[in-house]
Protein chains: 2
Amino acid sequence: MSIAADLIRGNTDMIILAQLMNQDSYGYRINSRIRSATDQRYELKEATLYTAFRRLEEAGYISSYWGDEDSGARRRYYSITPQGKLAYQKMLEDWKIANDLISRLITPESDCTTEAL
Amino acid sequence: MSIAADLIRGNTDMIILAQLMNQDSYGYRINSRIRSATDQRYELKEATLYTAFRRLEEAGYISSYWGDEDSGARRRYYSITPQGKLAYQKMLEDWKIANDLISRLITPESDCTTEAL
DNA sequence: CGCAATACCTCGCCTGTCAAGGTATCTACT
DNA sequence: AGTAGATACCTTGACAGGCGAGGTATTGCG
């Protein structure tokens with residue numbers, strides 16, 4: 001994957017919550033969706049994914065339950081909580097703000113000579 | 001500051017290099033610029049700033065020299081190297097890509113029912 | 001003289017990422 | 001029956017970046 005690994009750091013939680021805004025889902029599927037949504041250009045490492053689940057559950061942003069599939073491997077489903085939805089909204093706002101700030105910082109005005117030291 | 005701390009992680013180097021694209025500068029001033037460019041909403045913590053300088057110099061992206069001011073505290077000026085400029089361009093590209101990917105991931109299509117499991 | 005502002009720096013902790021390893025189930029092929 | 005691959009879960013330990021807390025030195029002001 002290589003691309004944008006560290007850049008996405010700090011957005012993992014938001015990405016996972018976003019996936020759960022639609023509907024309950026489980027680890028493997030969430031990652032598949034991320035992969036397809038990014039044309040195979042990005043995915044969460046499993047360790048990262050499952051640590052994030054623990055963290056989000058700890059924070060009360062998601063809750064989990066075992067699926068009752070009668071075939072295939074067992075799945076642990078995650079559901080976003082009301083607090084999780086709030087947190088997601090907040091993360092979205094923060095992300096937009098951060099983006100705005102960063103874009104200001106990496107496209108500096110060319111004029112620097114006139115300003116005082 | 002609070003806002004967007006972890007979100008900017010991984011962008012620190014790019015931000016610093018961007019400041020040096022214009023002209024040589026020094027730690028304190030770079031941070032002042034960041035503060036004013038963001039309307040006082042963001043700044044690098046000093047520890048973060050100076051570790052970044054070490055890291056960037058180590059990588060060969062910047063070089064440093066002591067200013068010859070005959071008044072005021074001594075200043076260590078930093079200059080971006082040709083490699084640094086290349087790295088900066090690359091970081092910019094990566095940032096754009098990462099942004100594109102993230103925005104895809106946090107604004108999911110509402111239709112999910114039709115697709116195969 | 002003391003204080004604020006400018007200007008630099010380091011140590012050590014915390015947190016998030018991830019390589020590496022592990023488990024179990026089901027399908028398909030040999 | 002064996003085995004390979006996909007699905008699906010999980011943990012441990014190392015590493016890197018951010019940053020709180022602490023430090024130094026200079027200048028100017030009241």
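Proteins get letters first, then strands, A, B, ... in listed order; numbering begins at 1 in each. As a basis for the values below, the full set of heavy atoms in this structure was taken, side chains included, without hydrogen atoms, waters or symmetry mates. Just so it is clear, the structure is predicted and the values come from calculations on it, not from any experiment.
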### Summary
Nearest-nucleotide check on DNA chain C, T12(A) vs A73(A); residue mapping nearer the 5' end is T12(A)
### Query
Within the pair R54(B) and dT10(C), is there a side-chain N or O less than 4.0 Å away from OP1 or OP2?
yes
#### Entry: Spacing between L7(A) atom CG and dG18(D) atom P, to the nearest angstrom
11 Å
### Message
Rounding to an integer number of Å, can you tell me how far I15(A) CD1 sits from dG16(C) P?
### Response
15 Å
### Query
Under the salt bridge (Lys or Arg N to Asp or Glu O under 4.0 Å) test, which residues partner R54(A), sequence neighbours left out?
none
### Summary
Separation of dG16(C) atom C1' from E58(A) atom CD, nearest Å, is 15 Å
### Short side-chain N/O contact from R74(B) to OP1 or OP2 of dT27(D), under 4.0 Å
no
### Message
If you compare every side-chain N and O of R9(B) against the phosphate oxygens of dA16(D) (OP1, OP2), does one of them come in below 4.0 Å?
### Response
no
### Message
Using whole Å, what does the distance between atom C1' of nucleotide dA8(D) and atom CZ of R35(A) come to?
### Response
12 Å
### Query
Taking atom P of dA7(C) as reference, at what distance in whole Å does atom OH of Y65(B) sit?
14 Å
### Query
Has Y50(A) got a side-chain N or O lying under 4.0 Å from the OP1 or OP2 atom of dC9(D)?
yes
### Task
Not counting sequence neighbours, which residues clear salt bridge (Lys or Arg N to Asp or Glu O under 4.0 Å) with D68(A)? List them please.
none
### Query
Do Y78(A) and L86(A) belong to the same hydrophobic cluster, where Ile, Leu, Val, Met, Phe, Trp and Tyr are linked whenever their side-chain heavy atoms lie under 4.5 Å apart, directly or via other members?
no
### Task
Return the value, rounded to whole Å, for the distance between atom OH of Y26(A) and atom P of dA8(D).
4 Å
#### Entry: Listed partners of R55(A) passing salt bridge (Lys or Arg N to Asp or Glu O under 4.0 Å), at least two apart
D13(A)
### Task
Calculate the interatomic distance between Y28(B) atom OH and dT24(D) atom P; express it in whole Å.
18 Å
### Message
Nearest whole Å is fine: how far is dA6(D) P from R75(A) CZ?
### Response
17 Å
### Message
Can you list everything that forms a side chain to side chain contact (heavy atoms under 4.5 Å, CB included) with N11(B)? Sequence neighbours excluded, please.
### Response
L7(A), I102(A), I8(B), M14(B), I15(B), W95(B)
### Message
Is a donor from one side chain sitting under 3.5 angstrom from an acceptor on the other, for E57(B) and S63(B)?
### Response
no
### Query
Residues in side chain to side chain contact (heavy atoms under 4.5 Å, CB included) with A87(A), at least two apart?
Y61(A), M91(A)
Give me the distances for all protein-to-nucleotides 18-21 of chain C N/O pairs that come in under 3.5 Å?
unit_1, atom_1, unit_2, atom_2, d
dC18(C), OP2, T48(A), OG1, 3.2

### Task
Respond yes when some side-chain nitrogen or oxygen of R29(B) is under 4.0 Å from OP1 or OP2 of dA5(C), and no when none is.
no
